[in-house]
J.: 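Have a look at this one.
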There are 2 protein chains.
Amino acid sequence: MTDPIRQNVSERAADSLVTILEQQINDGTLAVGQPLPPEREIMEVFAVSRTVVREAVQMLAARGLVESRPRFRPIVRKPGYEAAIETVGSSINRLLAMPGGVRSLFELRIMMEASLVRDAALHATKDHLTGMQRALADNEAMIDDSQRFYETDNAFHRILYEVPDNPALPQIHKAYTHWLSGHWLKMPRDAARNLTNYQAHSRIFESILMRDADAAETALREHLDAAWDQVRQTFGHQP
Amino acid sequence: MTDPIRQNVSERAADSLVTILEQQINDGTLAVGQPLPPEREIMEVFAVSRTVVREAVQMLAARGLVESRPRFRPIVRKPGYEAAIETVGSSINRLLAMPGGVRSLFELRIMMEASLVRDAALHATKDHLTGMQRALADNEAMIDDSQRFYETDNAFHRILYEVPDNPALPQIHKAYTHWLSGHWLKMPRDAARNLTNYQAHSRIFESILMRDADAAETALREHLDAAWDQVRQTFGHQP
DNA sequence: AAAAACAGTTTGGTATGACAAAAAAAGGCG
DNA sequence: CGCCTTTTTTTGTCATACCAAACTGTTTTT
């Protein structure tokens with residue numbers, strides 16, 4: 001059942017090195033944006049073999065603390081929500097490939113945004129409202145340009161993620177759009193469909209203006225459910 | 001018949017090997033629960049050096065496809081939501097260490113559960129309701145045993161994550177409790193506080209029974225806000 | 001016979017040295 | 001000063017070696 005006592009089986013040398021480097025990145029000894037020292041330098045500084053250094057660097061890369069391209073020196077990244085969410089990438093892609101994976105992720109998005117519109121209806125500031133108004137206007141202006149419409153569509157939803165002052169939320173939005181864009185961009189988008197979506201956005205915005213959380217949630221659910229239907233019709237099965 | 005590793009320029013050999021092994025895991029050539037072949041065997045099968053094999057295995061471990069303990073053979077894991085979420089671990093820990101990190105994560109939890117209780121109020125089946133009732137009874141019975149109370153507390157919340165039929169949600173709940181338990185368990189818990197929490201659960205349950213989504217959300221928010229206050233009072237600052 | 005102790009074999013973790021190819025740095029030239 | 005060529009680093013990969021921990025089969029003990 002619950003794992004008994006699993007404890008310090010001799011830590012690998014690479015793990016120790018990772019811990020040290022991680023700390024040096026956090027306290028700024030290794031500056032963000034700068035490349036890591038050469039492997040041979042790290043090697044002699046910490047008195048370990050290059051094998052260990054390479055494994056440690058690779059771990060840092062896997063955790064998103066450094067960005068490493070083949071043959072280039074790994075570059076220290078700013079630790080933050082962005083890097084954190086990006087490292088989830090490979091896992092998410094695997095989830096999306098599983099049966100019902102896209103559906104599950106989309107449902108999570110609906111659930112989260114349902115909460116967000118309610119929050120927006122109750123707590124959106126004047127700045128948020130004008131931002132949404134602007135995004136809505138851009139949205140309307142781009143009805144005939146499906147590519148740009150998609151961008152303004154995202155812009156509108158993004159504002160919902162900015163209303164609660166939680167630094168993780170905008171990154172989550174970015175993640176959603178990133179992982180779902182693959183399916184999204186393959187869909188046929190015409191002006192009529194764009195118009196429908198614009199009108200849905202419009203209804204959501206008006207409900208938020210009226211501070212009517214129930215109406216806002218209803219409008220959003222209808223909007224996203226319709227969007228899901230579009231996806232499903234495009235792909236025939238339940239991806 | 002050894003597939004020689006095709007090496008697109010600019011792609012590391014280890015990456016190619018990872019791709020192959022990943023596929024072998026997916027199609028069952030490498031059975032779930034079984035250990036990977038010895039490094040030296042992989043090495044000769046794919047005609048690469050052990051260095052490359054080790055880097056590939058490490059990558060698989062970082063992606064949660066295999067579970068590797070030092071000095072033991074890596075074991076193939078079932079790819080799924082559980083493994084996926086677990087791989088986020090190191091990133092989340094970094095987020096929690098950031099200023100306001102715990103607060104951000106807790107707010108996400110509140111937001112998500114707010115949506116969940118609304119959903120439960122509208123769509124909970126008889127099974128879910130009886131499950132909640134049972135969890136609630138256990139909860140009441142354990143008011144004097146803070147450790148067990150904590151467990152029944154989790155059990156109650158977990159049911160909320162089971163109402164929508166989304167396989168990712170229970171895993172998310174597990175992740176929340178796992179990452180927040182560090183702070184949670186350090187808090188002083190007495191019978192009075194447990195009683196308060198039990199009563200809050202009780203109110204939530206009753207609201208769900210009455211199919212009153214608004215009341216359920218309100219009760220849940222009060223409950224979790226109070227819980228957050230407990231955390232903040234314990235730690236003095238905003239962790 | 002089951003359990004414990006033992007010895008020999010495998011296997012992962014680490015170190016060292018080497019080399020080709022790509023990148024970075026240095027130098028030379030216009 | 002900027003562009004091109006040459007030299008020096010540096011990474012990616014390989015081969016080899018050693019040790020200690022884990023594994024396996026066998027023997028001894030209970």
Side-chain angles (χ1 to χ4, degrees), chain A residues 3-22 24-25 30-77, chain B residues 2-22 24-25 30-31 33-77:
Chain A
D3 31 13
I5 313 113
R6 173 173 306 171
Q7 255 313 305
N8 319 332
V9 261
S10 57
E11 196 180 37
R12 279 181 273 231
D15 292 329
S16 313
L17 185 52
V18 164
T19 306
I20 296 177
L21 293 176
E22 199 169 348
Q24 292 202 351
I25 289 175
L30 295 171
V32 170
Q34 290 305 110
L36 244 46
E39 293 174 354
R40 286 174 174 82
E41 196 179 314
I42 302 180
M43 182 179 148
E44 80 175 18
V45 167
F46 296 99
V48 290
S49 71
R50 201 150 81 93
T51 313
V52 172
V53 174
R54 299 197 102 258
E55 292 198 348
V57 169
Q58 210 201 336
M59 280 179 159
L60 291 178
R63 298 187 188 186
L65 279 159
V66 301
E67 192 175 17
S68 106
R69 307 198 325 263
R71 295 252 160 227
F72 286 78
R73 307 260 290 280
I75 294 179
V76 178
R77 294 185 56 173
Chain B
T2 68
D3 305 350
I5 278 198
R6 60 189 178 291
Q7 186 164 337
N8 304 356
V9 281
S10 86
E11 190 183 36
R12 281 181 271 228
D15 291 329
S16 311
L17 184 53
V18 165
T19 306
I20 295 176
L21 292 177
E22 199 169 348
Q24 292 202 352
I25 290 175
L30 295 172
Q34 291 305 110
L36 246 45
E39 294 177 352
R40 289 173 175 84
E41 192 179 316
I42 301 181
M43 181 179 145
E44 85 174 13
V45 168
F46 295 100
V48 290
S49 70
R50 202 147 82 95
T51 312
V52 172
V53 174
R54 299 197 102 256
E55 291 198 350
V57 170
Q58 210 198 339
M59 279 178 164
L60 291 177
R63 296 186 188 187
L65 280 158
V66 302
E67 190 176 18
S68 109
R69 290 181 306 157
R71 296 244 157 233
F72 288 79
R73 307 257 290 278
I75 293 179
V76 178
R77 295 187 54 173

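Below, chains carry the letters A, B, ... as their sequence lines are ordered, and counting in each starts from 1.
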J.: Mind checking whether B:Arg73 and B:Glu39 have side chains closer than 4.5 Å, heavy atoms only?
T.: no
J.: Please give, in whole Å, the distance from D:dA22 P to B:Ile75 CD1?
T.: 14 Å
J.: Quiz question: going by heavy-atom distance under 3.5 Å, is there a donor-acceptor pair between the base of C:dG13 and the side chain of B:Arg50?
T.: yes
J.: How many whole angstroms separate atom CZ of A:Arg69 from atom C1' of D:dG12?
T.: 15 Å
J.: Remember a base hit wins even if backbone is also touched, and classify A:Arg54 as base, sugar-phosphate or nothing at under 4.0 Å, heavy atoms.
T.: base
J.: For B:Gln58 and C:dG12, give me the distance from atom CD to atom P, rounded to whole Å.
T.: 14 Å
J.: Using a cut-off of under 3.5 Å, enumerate the N/O to N/O pairs linking the protein to nucleotides 7-10 of chain C.
T.:
none

J.: When you match A:Ser49 and B:Arg40 each to their closest nucleotide on DNA chain C, which lands nearer the 5' end?
T.: B:Arg40
J.: Closest heavy-atom contact between A:Arg12 and B:Ser68?
T.: NH2-OG, 3.3 Å
J.: Taking atom P of D:dT13 as reference, at what distance in whole Å does atom CD of A:Glu55 sit?
T.: 14 Å
J.: Mind calculating the distance between CD (B:Glu41) and C1' (D:dC23) to the nearest angstrom?
T.: 16 Å
J.: Identify, with sequence neighbours excluded, every residue that meets side chain to side chain donor-acceptor pair (under 3.5 Å) alongside A:Thr51.
T.: none
J.: Is any side-chain heavy atom of A:Pro37 closer than 4.5 Å to one of A:Val45?
T.: no
J.: With side chain to side chain contact (heavy atoms under 4.5 Å, CB included) as the test, would you mind laying out the steps for B:Leu60 and B:Val18 before giving the verdict?
T.: CA-CA 7 Å; B:Leu60 291 177; B:Val18 165; 4.0 Å; yes
J.: Whole Å only: how far is the CD1 atom of B:Ile42 from the C1' atom of C:dT11?
T.: 12 Å
J.: Please figure out whether B:Thr51 or A:Leu36 has its closest DNA chain D nucleotide nearer the 5' end.
T.: A:Leu36
J.: Identify which nucleotide among C:dG12, C:dA22, D:dT13 has an atom closest to any side-chain atom of A:Arg71, counting heavy atoms from C-beta outward.
T.: C:dA22
J.: Grab the CZ-P distance between A:Phe46 and C:dA15 for me, whole Å please.
T.: 14 Å
J.: Look at the side chain of B:Arg73 and the base of C:dG12, then say whether one donor and one acceptor between them are separated by less than 3.5 Å.
T.: no
J.: What nucleotide among C:dT14, D:dT13, C:dG13 has an atom nearest to a side-chain atom of B:Pro70?
T.: C:dG13
J.: Can you tell me how far P of C:dA23 sits from CZ of B:Arg12, to the nearest Å?
T.: 13 Å
J.: Output, in order, the C-alpha distance, side-chain angles, deciding distance and verdict of side chain to side chain contact (heavy atoms under 4.5 Å, CB included) for A:Val76 and A:Leu65.
T.: CA-CA 6 Å; A:Val76 178; A:Leu65 279 159; over 6 Å; no
J.: Determine whether B:Glu55 and A:Glu55 make a side-chain contact, defined as any pair of heavy atoms from C-beta on separated by less than 4.5 Å.
T.: no
